[in-house]
Amino acid sequence: MDIKTLKDIIKIVENSQFVEFSYKDDELEITLKKKEAFPENITLQDNFRVAETAAKYPSQTIMAQTSQVESTQDPNLVEIRSPMVATFYRAPAPDAKPYVEEGQKVKKGEVLCILEAMKIMNELENEFDCIIEKILVQNAQKVEFDQPLFLVRKAN
Amino acid sequence: MDIKTLKDIIKIVENSQFVEFSYKDDELEITLKKKEAFPENITLQDNFRVAETAAKYPSQTIMAQTSQVESTQDPNLVEIRSPMVATFYRAPAPDAKPYVEEGQKVKKGEVLCILEAMKIMNELENEFDCIIEKILVQNAQKVEFDQPLFLVRKAN
Amino acid sequence: MFKKIFIANRGEIALRIIRACKELGIKTCIGYSVEDKDSIPVMLADESICIGPAQSMHSYLNLFSLAQAIHNSGADAVHPGYGFLSENPTFVKICNDLDVVFIGPDEQTIARLADKSKVKQILKNNNIPTIPGSDGAVKNIDELKSVAKSIGYPILLKASWGGGGRGMRVVRNENELINEFNAAQSEAKSSFGREDIYVEKFIEHPRHIEAQVIGDKFGNIVHVGERDCTLQRRHQKVLEESPSPYLDDIKRAEFLETAVKAASILQYWNAGTLEFLFDEDKNFYFIEINTRIQVEHPVSEMVYDVDLIKEQIMVSCGYELSFKQEELKPKCCAIECRINAEDSERFIPSPGKINFLFMPSSSHTRIDSHIYCGYNVSQYYDSMVAKLIVKGKTREEARIRMLNNLSEFKIEGIKTNIPFFQKILNSKEFINNTYDTNFIDRVFLNHPK
Amino acid sequence: MFKKIFIANRGEIALRIIRACKELGIKTCIGYSVEDKDSIPVMLADESICIGPAQSMHSYLNLFSLAQAIHNSGADAVHPGYGFLSENPTFVKICNDLDVVFIGPDEQTIARLADKSKVKQILKNNNIPTIPGSDGAVKNIDELKSVAKSIGYPILLKASWGGGGRGMRVVRNENELINEFNAAQSEAKSSFGREDIYVEKFIEHPRHIEAQVIGDKFGNIVHVGERDCTLQRRHQKVLEESPSPYLDDIKRAEFLETAVKAASILQYWNAGTLEFLFDEDKNFYFIEINTRIQVEHPVSEMVYDVDLIKEQIMVSCGYELSFKQEELKPKCCAIECRINAEDSERFIPSPGKINFLFMPSSSHTRIDSHIYCGYNVSQYYDSMVAKLIVKGKTREEARIRMLNNLSEFKIEGIKTNIPFFQKILNSKEFINNTYDTNFIDRVFLNHPK
């Protein structure tokens, strides 16, 4: 590779957000590391998620809000979190059958659960087609704001 | 790669925010690192130097003790530090000429200065052949333990 | 006694309430925003419930969310701290509807005392000195003009529903009057939802001195001395001290007696503060009553060796006051500095992560603070990071100790107003006690008085 | 008053001395080891001089280096703190030769009182109760045996020049006597350089209670109450409190009067401590006098509202005591916990870097500590990282507050003995005050008594 190319690479990387870059040839190997890739930025990510949530919240929509699971790389695996302090109900009535079960396919707009707050029954609507991987809270459990309710896999 | 190209690369990296750069050819390999890519271990180095000094001290020798200068990579550039709390004198008597001057070659065993402590005149002997790069304290200055007195370059 | 208290606040006052509850053997549950997840109060409370996102409007001021959280917590009482919903009658009503005790005066009392001009009227009619001015909000320009004439310039325009100095304007002659009035109205409208404006005589070089009172449900009410809060920056308190160096013992007795009388007239109970202005002849005039615990309450606690938060909880629970007036005697002089995360030159907030922290400690030092090394001072909330309270046998000893303590207070990662306090405490005006409420704005900020 | 004080110590006591000097307007210069370069005392002192490497032997105990450092500093007085050279007559002599005031008693006094058995003899001859035993060191096995017979087993063998409980052995019958004696001699020889051993009656279930005294050069000497230091682990103090719950007011008065009398007999001045043992019938016996300020001095400062370090500096400077005996009245109950960086199960030191720290604070809390988040607790020195002192109107209030404060004390990166203190403070023995000096070893470490 010639000096011109190298210069370009350096400029590109310098003006990027990457704090580490390495490139290997033959069996091509590239590594790009952002600041966030290093320790002490957990809070940063947190704040980011918070901001995102906050941005959604004011609309008082009862659409499910989601955030990617930190512990995994899988971009399709997301958590549906509670938009309010409430009591979580899986079914419309004590004797009725639950809205959703684990493993079930759920379409956008379908009801996932009921969040009861101040005597008001709020139906939590699903934002996108997905499969319910795991239901993270018990029926009739008290939940807090931002508490993960469902672990779902986005359908593409 | 020719020296001209190398100079260019060095200049580019020097004027960039990168704190680490490596380049390998044939099976081409490049690494560029900004300082964010490093953990902070200044204190660690410090402690290391401390331990080293401590190890030397018990022998109560009045041979000059040295430690490498952190700010430079040059392994021959070392600091000669004070082994005691004392008053520093460059010459054996007020009217006498100093033991050493900056730029002077000094042989192992030659006297570098006098460290006066509790009315005792301690002659500080040189540990190895070297050139006095810089005298770091003034004549008759009070010095503390481990304080750098001379910056010298080891002769090989 | 209560079994569990829900804390509807954050920061140092939440921590202060947790400490009081621990001494009383009461469990605590704190409602917190996502931003405060890693805060000390959340760590130290027995339970915690996330009530919303960082923005106060959607968490600490979110009545809906708080109501459900209080319900879910199973608490039998709520402590609102100061600020946020501490003086909000609706919040008190919600607590009542939830069958939970609001720690503070009852809904009616808070509502009654929220209308500052009405309160003044009542006290005026009962011969408590108040600042000459309009009887309640002025209806129109004509009334405004006539009132201004009768009491004479300079005058002060204040929002009936305002507070914290916002919506206040000085008018020095009739030419400025109408413009300032319109401006004040629109500011009041936007800030407090009501455009009512009332008029007051503007006092030159005033001292701001307040009386701490606390009463129970049985009509017992006492004062816990006065606090001199004259040192303010743009009507925001900066440093408070007790006893006030501006008062001799006769004047002090007269003042505190008047304050307790005023509180009785207003049928006040629980912890409260009556704020007064003193003019250069040491005449004092009632301004307003605050129906909550205040930021500067530790100053009185240090001087009188009482615990106002514990007392507040106990009287709210229906107990009689644990002390009588004659048992309360000032034991020392105390000064409080409000350490803020802000640039001490231009006073702009300086949020960020604290990466080094060392705080002073001694037998005569108290620090109410929720910060720690690694804590992120959020831009979403008040910039106060610590209250440093120091006592001494004399005011001068307290002043010297405060300076020594400030010199020990090491904090890196954020800027603080510590250098500013060092300037103030070393100024001849503070030492000689020759300052007024405009001192800081005039001398340190060079603002027109 | 002194212009500049050289501090020949480190850690919390160095910080404590700096604070006292600040209040007195005295400059400070601290001598520190390379290991302590980044310590708070070095940061807060006006000047600092590095005196040697990490090992105490070559820095804090290095007379040669300290002498030169004191000389270079231009200080006119030296505060030795506790431990290190605080009771070393040679160091006092060096200070004198340098024309620098050693803050503590004079060289002769320290030398005179260093011989524990001689001191006992003097007091015994003056009718101060001492533990029955040999008159000074025992010359030989025969004397040893006869003394043992006369006072009866069990007996205690102690090194004449020892301290801190080292070189002490209990002998329960004559069979063990000779072996234990030889072992004690060699241990004394290696630990203190002198093999002299003296014999004492061993008291079962003793309480360890000491009297704080302070005197000036004019013969004025007062007590600042007693401290109950019965809670010990292997003769090392763990928790101290004042007043002692073991004494009623009559017994307390008798004890403190005796202590002051003993101090006068020994012509003692400056700050000092007289240690006594109480048997189960509340008879008390003098053990030894410590000629320095002690770790647990804050307990007395809290209870009597005095500043012993400031007082120590002033009397050393030639001032009269600033208070009279009748002016000193106990104002509260105080407890001190020595927070150590150690495993609270096996009590092995736990040095390392502190990566999270939050300490309690309140009007009734005082923490003497030099640690901060990011501070490296060195393995070279004592493992004590903080002294937590809490006061209350009653012992029970102080105990509850101590438990609350301990639950707020969050420290990560090193282990501490906080869990151990929580066990002790919750034990029925502590609550009911039915413990002796062997309590911890017996109950918590399951050691043979």
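First the proteins, then the strands, lettered A, B, ... as listed; each starts at 1.
- Side chain of D:Gln68 to main chain of B:Met118: a donor-acceptor pair is present (N/O by atom type, distance under 3.5 Å, no hydrogens or angles).
- Within 6.0 Å of CE in D:Met57 there are 12 or fewer heavy atoms belonging to other residues, nucleotides or ligands.
- The two atoms that bring D:Asn72 and B:Val143 nearest to each other are ND2-O, 4.1 Å, heavy atoms only.
- Note that CE of B:Met84 and NE2 of D:His58 are 13.5 Å apart. Values are rounded to the nearest 0.5 Å.
- Of all non-hydrogen atoms in D:Ile51 and B:Phe145, the two that sit nearest each other are C-CB, 3.8 Å.
- Within a 6.0 Å radius of NZ in D:Lys387, other residues, nucleotides and ligands contribute more than 12 heavy atoms.
- Residue-environment remark: NZ (D:Lys93) stays at or below the threshold of 12 foreign heavy atoms within 6.0 Å.
- Of all the heavy atoms in B:Val85 and D:Ser65, the pair that sits closest is CG2-OG, 3.3 Å.
- Separating the OG atom in D:Ser73 from the CD atom in B:Glu144 is a distance of 12.5 Å, to the nearest 0.5 Å.
- Residue D:Ser33: no heavy atom, backbone or side chain, is found under 4.5 Å from chain B.
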